[in-house]
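These numbers come from the heavy atoms of this one structure, side chains and all, not from hydrogens, waters or symmetry mates. Per chain, numbering begins at 1; letters A, B, ... match sequence-line order. Small disclaimer: the values here were computed from a predicted structure and weren't measured.
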Amino acid sequence: MEFSEERKDALQEVINIAFHRAAYSLSELTQKRVELKAPEVYLFSTKGLGDFLKNLLGAELVMVNQFFSGSISGNALLIMDPQSALTLVELISEDRSGLPRLDEGDREVLLEIGNILLNAYVGTLGNLMKGNIAFYIPNIRVDSVHAMVESISLDGQPLQHAVAVVTEFVVKATNITGCVVIILGITSLEKLIEVLDKLLQDKE
Amino acid sequence: MAKIMIVDDSSLPRKMFKSILTETEHTILEASGGIEAIQLYTAEKPDLVFLDLVMKDMHGLDVLTKLREIDPQCRVIIVTADIQHSTKEMAFKKGALDYISKPFNRDQIIELLNRYL
């Protein structure tokens, strides 16, 4: 599988469109402006992903993940540091307990936020591929970055190497930062690249 | 005054619905899953149902099919984070009255109530 600069460019553009749909949803929920960094595509080992996330967000993280299958299959992850997660819940949920850590109610709110963002993101990819992607129930985990990365699976197998599409976001006028990571297997990446190639041909 | 049933396994959207619907005089019924929704629908015959799709016990499209078996005239609006055109088409094929994406806002819900009640 050749990953030319042109294809990488096209993938970044597609991801950009998809994540802007997700950012719009986050902005609607928080009533704040959400800014995105340009998406990046990486080939990670498990340790590499852990080191990357630790460097970006810290040693302890909150992750909402949702498996999806259909036109493409993978695992979508919304990842934040615990303080960002807490602030996000406070922005959205008026009746939170005020505890300095995430309680059960907060986790439920984060699951729903994750569900909305990850569906918007991956659903846009489904629309671009003119297929259908089925979503599974989201899960939440609060853990050290390396334990969390060890827990990430794909197609029922622990993750060893994966293509990760990483988009960082910032909710303006708050201290909320985070990222969405889409973990794809090789087959799904190939399918996505077929669609990109078609998009590139249509452009010519 | 109508009976409106909200079906979602997450309490956040149910709370958001309630805060919008308390402005109206409608009666609000809540179900936190598909099985509860089917039981509540049978008992209460609500005038309008807002139904989520991805839920722990049953997928919303299966709930919709079941509700239409119980009552072919049931009025169900899908409220989901899934923004795919193909999912929307499936929902309409199964008899959904309308389809809105999360996050929803007050104006959207009031407009739907005005249109369908």
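B:S86 and A:G131 make their closest contact through OG-O, 2.9 Å (heavy atoms, listed as atom of the first residue, atom of the second, distance). Residues B:I83 and A:R21 come closest through the heavy atom pair CG2-NH2, 3.3 Å.
Within 6.0 Å of the NZ atom in B:K3, the count of heavy atoms belonging to other residues, nucleotides or ligands exceeds 12. At most 12 non-hydrogen atoms from other residues, nucleotides or ligands lie less than 6.0 angstrom from CD of B:E25. By the neighbour-count criterion of 12 heavy atoms within 6.0 Å, atom NZ of B:K45 is densely surrounded, having more than that number from other residues, nucleotides or ligands. Within a 6.0 Å sphere centred on OH of A:Y42, heavy atoms belonging to other residues, nucleotides or ligands number more than 12. Atom NZ of A:K191 has more than 12 neighbouring heavy atoms from other residues, nucleotides or ligands inside a 6.0 Å radius.
Put simply, the side chain of B:Q84 gets close to the backbone of A:I133: a donor and an acceptor are under 3.5 Å apart. No donor-acceptor pair under 3.5 Å is formed between the side chain of B:S10 and the backbone N or O of A:E112.
Expressed to the nearest 0.5 Å, how far CD1 of A:I113 lies from NZ of B:K102 amounts to 12.0 Å. To the nearest 0.5 Å, the span separating OH on A:Y136 from NE2 on B:H59 amounts to 10.0 Å. Once rounded to the nearest 0.5 Å, the distance linking CG of A:L29 with CE of B:M16 reads 6.0 Å. To the nearest 0.5 Å, atom CG of residue B:L53 and atom CG of residue A:N115 are 10.0 Å apart.
When heavy atoms are compared at a cutoff of 4.5 Å, B:S101 approaches chain A solely by way of its side chain, counted from C-beta outward. At a 4.5 Å heavy-atom cutoff, the contact between B:N105 and chain A is made by side-chain atoms alone. With a 4.5 angstrom heavy-atom cutoff, B:M90 touches chain A only via side-chain atoms. There is no contact between A:L26 and chain B, counting heavy-atom distances below 4.5 Å. Contact of A:L111 with chain B is not made at all, since no heavy-atom distance falls under 4.5 Å.
The closest side-chain donor-acceptor pair between B:T87 and A:N132 falls under 3.5 angstrom.
By number of non-hydrogen pairs under 4.5 angstrom with chain B, the leading residue of A:I116, A:T124, A:V122 is A:I116.
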